[in-house]
Structure formats: C-alpha cells, structure tokens
There are 2 protein chains.
Amino acid sequence: MKRPESADPVLPYLDRLRQGKVKVTPNRRRVLGRFLESDKPWTLQSLHRSLGEECDLSSVYRALSALRAAGLLEEFRLPGEKETFFSLIKHHEQARIPGVRGAGPKARAHAHHHHHIVCQDCGQVSHLDICVPAGLMGKVEDASGFRITEHHLEFKGVCGDCR
Amino acid sequence: MKRPESADPVLPYLDRLRQGKVKVTPNRRRVLGRFLESDKPWTLQSLHRSLGEECDLSSVYRALSALRAAGLLEEFRLPGEKETFFSLIKHHEQARIPGVRGAGPKARAHAHHHHHIVCQDCGQVSHLDICVPAGLMGKVEDASGFRITEHHLEFKGVCGDCR
DNA sequence: AGGTAAATGCAAGCTGGTTGCATTTGGAGC
DNA sequence: GCTCCAAATGCAACCAGCTTGCATTTACCT
C-alpha cells in the first residue's frame with residue numbers, strides 16, 4: 001500500500017536540484033525549508049531575518065539565485081514595495097529542467113503565468129489565476145502603436161482576515 | 001484680441017505653485033522646464049544628468065518632491081525598472097489645490113487614472129487611457145476574498161519607432 | 001528695503017542588493 | 001570510506017538610488 005503522507009515534501013525539490021547539478025547544501029535546505037513551512041512569498045531580508053544568524057545575508061542571496069536559476073522559485077516585484085519577492089513554484093508546475101531528459105529549447109519558460117493581490121494591512125500576498133482579457137490587449141496595441149510582449153497586473157486590497 | 005500662442009506655457013504651472021504657497025526658484029523652474037520641453041517621464045537620475053552641474057542631485061530630489069506635493073507631477077514605478085518615474089500632469093488635468101478657493105476634502109486626488117506601456121528597446125513610456133474591466137475586478141474579488149482598493153497594470157512592448 | 005521661512009549645496013547616511021576573495025565542503029570518482 | 005576539486009560559504013567591501021542634517025543663501029511678504 002502507498003503512504004504518500006510519509007514522504008518528506010522536500011524530496012522532490014532536492015531531486016530537482018540534484019538533477020540540475022546544483023549542490024544540496026545546508027543553506028539551500030534551510031531556505032527551501034522556509035518556503036515549504038509557509039507557502040508565502042519571501043524577500044531576501046525577510047528570509048535572512050527568519051533564519052537569524054544561521055545564514056549570512058549574502059548566502060541567502062546566493063541560495064535564492066541558485067534556487068531561482070534551478071526553476072524552483074519565481075521572482076517578482078510588487079508596486080509600492082521596494083523589496084523583491086520570491087515564491088516557491090509547486091513541484092508539478094515547474095518547467096522542465098534544461099538539458100535533462102530531452103527538454104526542448106523553451107525549457108525554463110515561466111512556470112505558470114499569474115498575477116498577485118497584496119493585503120495593504122498585513123502584507124499577505126495571494127496568487128491569482130486571472131489574467132488580462134485578450135480584447136484589452138488588442139485595444140492597448142491599437143491605441144499605443146506598441147506590440148505588447150509582457151504585462152504586469154497587481155492588485156492591492158484588504159484580505160478576508162483583515163476585514 | 002487674444003493671442004493665446006504668445007503665452008509662455010510655463011506660466012499656469014508657476015501660478016499653481018504660487019497659489020500653493022510654494023516658492024518659485026531657479027531649480028524648480030529648471031526642472032519644470034525639462035518636463036515642458038519634452039513631455040516624457042523623467043527619473044531623478046535622468047533629470048540630474050540632463051541638468052548637468054546646474055543643480056545638485058538633492059535639489060532635483062527636493063524639487064521633484066515639491067512639484068509632486070503641489071500636484072504638478074505624478075510619480076510611478078515600472079516593473080523591472082529600479083528608478084522612480086515622474087511625469088507632468090497637464091494643467092487642465094490637475095486636481096484642485098487643497099485649501100484654495102474652497103476646494104473640497106477630496107482635493108489632491110489622483111489627477112487622472114491611467115496606465116503605462118514601456119518600450120523594451122528605447123525605454124519610451126506612453127500613457128494609456130485604458131483600464132481593467134470592472135468584470136475582471138469582480139472576478140478577482142470573488143476568487144481571492146480580498147476587497148480591491150488599488151490596481152496597477154503595466155505593459156512592456158516594442159514601440160512604433162523601434163519596430 | 002528688510003525680515004524670515006523656506007530652498008540650496010554639500011556631505012553624510014540609509015536600504016536593498018551584489019561581488020571579490022580566502023576558506024570550507026558536497027559529492028563524483030576512486 | 002577516502003581524495004579531490006569545483007562550487008558554496010562567510011566576511012567585508014562595494015554599489016545604486018535615494019534621503020536627510022546642517023550651514024548658508026534667497027524668494028517674496030510686508
């Protein structure tokens with residue numbers, strides 16, 4: 001009988017690191033651990049604070065870079081926020097590893113296109129699977145004469161807990 | 001007979017400064033002059049570069065703050081850009097001056113809600129009078145449980161000149 | 001014209017991020 | 001298990017983009 005609940009949820013992420021020839025080190029485990037413990041966006045500073053003196057700021061920085069390069073994290077900026085945020089890409093949503101198992105040239109593409117809403121009171125960030133309608137994109141192209149290649153849509157509001 | 005074309009376009013802006021009890025100084029004239037010469041978004045750094053040694057960086061900074069506080073400029077950040085942008089609010093689009101001529105409590109509200117599209121090649125920024133459809137907002141509120149108070153929509157693309 | 005609150009230049013400070021370098025270490029190959 | 005070396009780490013220095021304190025100068029009210 002299978003007992004999926006017995007498998008440590010960190011394992012698939014570690015596997016992916018090893019497959020990408022990225023060393024599994026204590027710092028990377030610690031950082032990854034925080035993302036798994038609380039499924040929320042972290043910043044360089046908030047992670048460093050959370051890890052206390054366990055891990056130097058520059059090491060957190062390089063751990064974030066490595067995990068992002070390996071396709072485990074996505075990076076984004078929020079309007080009005082100075083810091084850069086990172087959030088864990090769910091294992092099943094991760095892009096193929098480049099150069100492994102015949103992955104195509106488009107590997108490492110965005111894991112899953114989405115947008116964010118931030119609570120103006122508690123700072124909580126939620127992901128949104130909702131996107132800009134194609135019709136609006138067309139209108140923007142017509143009105144501006146630009147050809148759109150990218151868009152960013154972020155909301156601010158008050159979350160259910162804070163209301 | 002009236003000859004509107006003979007009026008210096010800077011005058012209404014200077015009037016507004018004086019009405020807001022903000023001193024009209026050489027630095028503020030210089031900064032305002034740049035916004036009037038080229039109707040594009042400027043950053044603290046680009047303005048300082050453009051003004052050469054005429055004006056200290058901190059003075060450009062404080063001139064921008066003063067002009068923004070007086071409601072002559074809007075401030076915004078673009079995704080992927082580290083610097084903060086400022087653009088001139090057309091005189092006829094400016095909000096009422098608080099405390100002057102019986103302006104209501106909502107004075108100094110946003111001049112005119114809009115969004116931006118940036119050229120990924122030349123950095124040119126255009127304003128868009130297009131906005132997020134109300135229906136989409138409703139969907140986001142339903143899906144997230146948040147009450148939306150603010151939104152930011154920015155596009156990146158290739159402008160007509162760069163294509 | 002004179003007085004004063006506000007603007008300016010200069011230098012120093014701050015946040016958030018990034019890098020060079022000497023040392024340590026994960027993990028592939030024995 | 002043990003060796004070895006490319007890669008990871010900690011430390012300190014550095015960088016961009018503002019932001020502020022302070023002594024001096026100045027716009028503009030009277």
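The structure presented is a predicted model; accordingly, all values stated were derived computationally and were not measured.
Five base pairs at each end of the helix from dA1(C)-dT30(D) to dC30(C)-dG1(D) define two local axes, and these are offset by 30° (rounded to 10°).
Checking side-chain atoms of Arg77(A) against main-chain N and O of Lys82(A) turns up a donor-acceptor pair under 3.5 Å. The main-chain N or O of Lys156(B) is found under 3.5 Å from a side-chain atom of Thr149(A) such that the two form a donor-acceptor pair. No side-chain donor-acceptor contact under 3.5 Å links Ser50(A) to the backbone of Ser46(A). With Ser144(B) contributing its side chain and Val140(B) its backbone, the two residues share a donor-acceptor pair below 3.5 Å.
Checked against side chain to side chain donor-acceptor pair (under 3.5 Å), His152(A) has the following partners two or more places apart in sequence or in another chain: Glu150(A).
Here CG of Leu64(A) is found 10.5 Å from CZ of Arg28(A). Values are rounded to the nearest 0.5 Å. Rounding to the nearest 0.5 angstrom, the gap separating the OG atom in Ser126(A) from the NE2 atom in His114(A) is 10.5 Å. Once rounded to the nearest 0.5 Å, the distance linking CZ of Arg62(A) with CG of Leu57(A) reads 10.0 Å. For the atom pair Glu75(A) CD and Thr43(A) OG1, the distance stands at 11.5 Å (nearest 0.5 Å).
Regarding His48(A), its NE2 atom lies at a distance of 15 Å from the P atom of dT18(C), rounded to whole Å. Regarding Gln19(A), its CD atom lies at a distance of 13 Å from the P atom of dA28(C), rounded to whole Å. Taking atom CD of Glu83(B) as the reference point, atom P of dT15(C) lies 20 Å away to the nearest angstrom. Counting to the nearest Å, the P atom of dT18(C) and the CG atom of Leu44(A) are 8 Å from each other. In this structure, the CG atom of Leu47(B) is 14 Å from the C1' atom of dG17(D), given to the nearest Å. Residue Leu17(A) contributes atom CG, which lies 15 Å from atom P of dA7(D) at whole-angstrom precision. When rounded to the nearest whole Å, the span between CZ of Phe86(B) and C1' of dG17(D) equals 12 Å.
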**Message:** As a quick check of understanding, evaluate side-chain contact (heavy atoms from CB on, under 4.5 Å) for Val60(B) and Leu44(B), giving each step before the final call.
**Reply:** CA-CA 7 Å; Val60(B) 179; Leu44(B) 173 59; 3.8 Å; yes

Atom pairs under 3.5 Å: protein N/O with N/O of nucleotides 2-4 of chain D:
none

Under 3.5 Å, which N/O atoms of the protein pair with N/O atoms of nucleotides 25-27 of chain D?
{"residue": "dA27(D)", "atom": "O3'", "partner": "Val24(B)", "partner atom": "O", "Å": "3.3"}

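An OP1 or OP2 oxygen of dT18(C) is reached within less than 4.0 angstrom by a side-chain nitrogen or oxygen of Tyr61(A). For Gln45(A) and dG17(C), the shortest distance from a side-chain N or O to OP1 or OP2 is below 4.0 Å. Using a 4.0 Å cut-off, some side-chain N or O of Thr84(B) falls inside it from OP1 or OP2 of dC18(D).
Using a 4.0 Å cutoff on non-hydrogen atoms, the parts of residues 27-42 of chain A near DNA chain D are Asn27(A), Arg28(A), ordered by number. Proximity of residues 51-60 of chain B to DNA chain C (heavy atom under 4.0 angstrom from any strand atom) is restricted to Glu54(B), Asp56(B), Ser58(B), Ser59(B).
Counting only heavy atoms from C-beta outward, the side chains of Gln19(B) and Asp15(B) approach each other to under 4.5 Å. At least one side-chain heavy atom of Gln124(A) sits under 4.5 Å from a side-chain heavy atom of Phe146(B).
Ring planes of His127(A) and His116(A): perpendicular class, angle over 60° (limits at 30 and 60°).
Side-chain polar atoms of Asp56(A) and Ser58(A) form a donor-acceptor pair below 3.5 angstrom.
Map Val22(B) and Lys82(B) each onto its nearest nucleotide of DNA chain C; the residue landing nearer the 5' end is Val22(B).
Between the side chain of Arg62(A) and the base of dG20(C), at least one donor-acceptor pair of N or O atoms lies under 3.5 Å.
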